[in-house]
Amino acid sequence: SAVISQKPSRDICQRGTSLTIQCQVDSQVTMMFWYRQQPGQSLTLIATANQGSEATYESGFVIDKFPISRPNLTFSTLTVSNMSPEDSSIYLCSVARDGTYEQYFGPGTRLTVT
Amino acid sequence: QQPVQSPQAVILREGEDAVINCSSSKALYSVHWYRQKHGEAPVFLMILLKGGEQKGHDKISASFNEKKQQSSLYLTASQLSYSGTYFCGTETPGGSNYKLTFGKGTLLTVNP
């Protein structure tokens, strides 16, 4: 398995501001993912952030709104830009073990936009 | 395409069995199962990679019927600790990158 930490664990932000969420993994992994989850809902993939390549965004998510950095094999950031109340959600990073594709999730960042 | 899970919710008494189904309208390359407890991150349970593959872990097992494009998760002699929301995640062939699409989840409640 992999141990994943996220910062911050929660935040309350004002409309129009930006928040950067950090994801740190205790081992080197190639594949990293960012998801969004409304309470009681499913997991929606925002983007795949593989080290050494540009992030790949899913339909409905754009780089200007959710810029991602992946500077090395143990770290990534997701920025939620120009926030609106609709961005209030839980944001989770996950990693897939090389070779087995088992995904392990971070504890999540609970974001509230007022 | 999001896989369809059924049932949406199930309530059990401790010791009873349950089956959770996950079906897709598209061909599947693999099926992943996760459990998420309230306020926590999803936890990996198992992957099924081949058609017809069955796996088991403790009293939780799963099968993958590639032809029917569906997977089932079996929980036998349920324990209180089994309570949570179960998600299946499906991987479909043809994409350039590996990714999972998750179902809406099945809320399992085990009562004493």
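Sequence lines set the chain letters: A, B, ... in the order given, protein chains first and strands last, and positions in each chain run from 1.
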Rounded to the nearest 0.5 Å, what separates atom CZ in A:F66 from atom CZ in A:F61? 6.0 Å
Would you indicate whether the side-chain heavy atoms of B:C88 and B:L73 approach each other to under 4.5 Å? no
Hey, could you give me the SG/CZ distance between B:C22 and B:F64, rounded to the nearest 0.5 Å? 9.0 Å
Donor-acceptor pairs, chain A vs chain B, cutoff 3.5 Å:
unit_1	atom_1	unit_2	atom_2	d
A:Q37	OE1	B:Q36	NE2	3.0
A:Q37	NE2	B:Q36	OE1	2.9
A:S42	OG	B:F102	O	3.4
A:S42	OG	B:G103	O	2.6
A:T56	OG1	B:N97	ND2	3.2
A:E58	OE1	B:K99	NZ	2.5
A:Y101	O	B:Y98	OH	3.0
A:Q103	N	B:Y34	OH	3.2

Is it the case that over 12 heavy atoms from other parts of the model lie below 6.0 angstrom from the CG atom of B:L80? yes
A:T79 side, atom OG1; A:L19 side, atom CG - distance, nearest 0.5 Å: 7.5 Å
Which portion of A:L92 sits near chain B, non-hydrogen atoms under 4.5 angstrom: side chain
Which residues end up grouped with B:V43 if you chain together Ile, Leu, Val, Met, Phe, Trp and Tyr wherever their side-chain heavy atoms are less than 4.5 Å apart? none
Tell me whether A:I46 shares a hydrophobic cluster with A:V25, the cluster being built from Ile, Leu, Val, Met, Phe, Trp, Tyr side chains joined at under 4.5 Å. no
Is B:L100 close to chain A through its backbone or its side chain, or both, or neither, when contacts mean heavy atoms under 4.5 Å? both
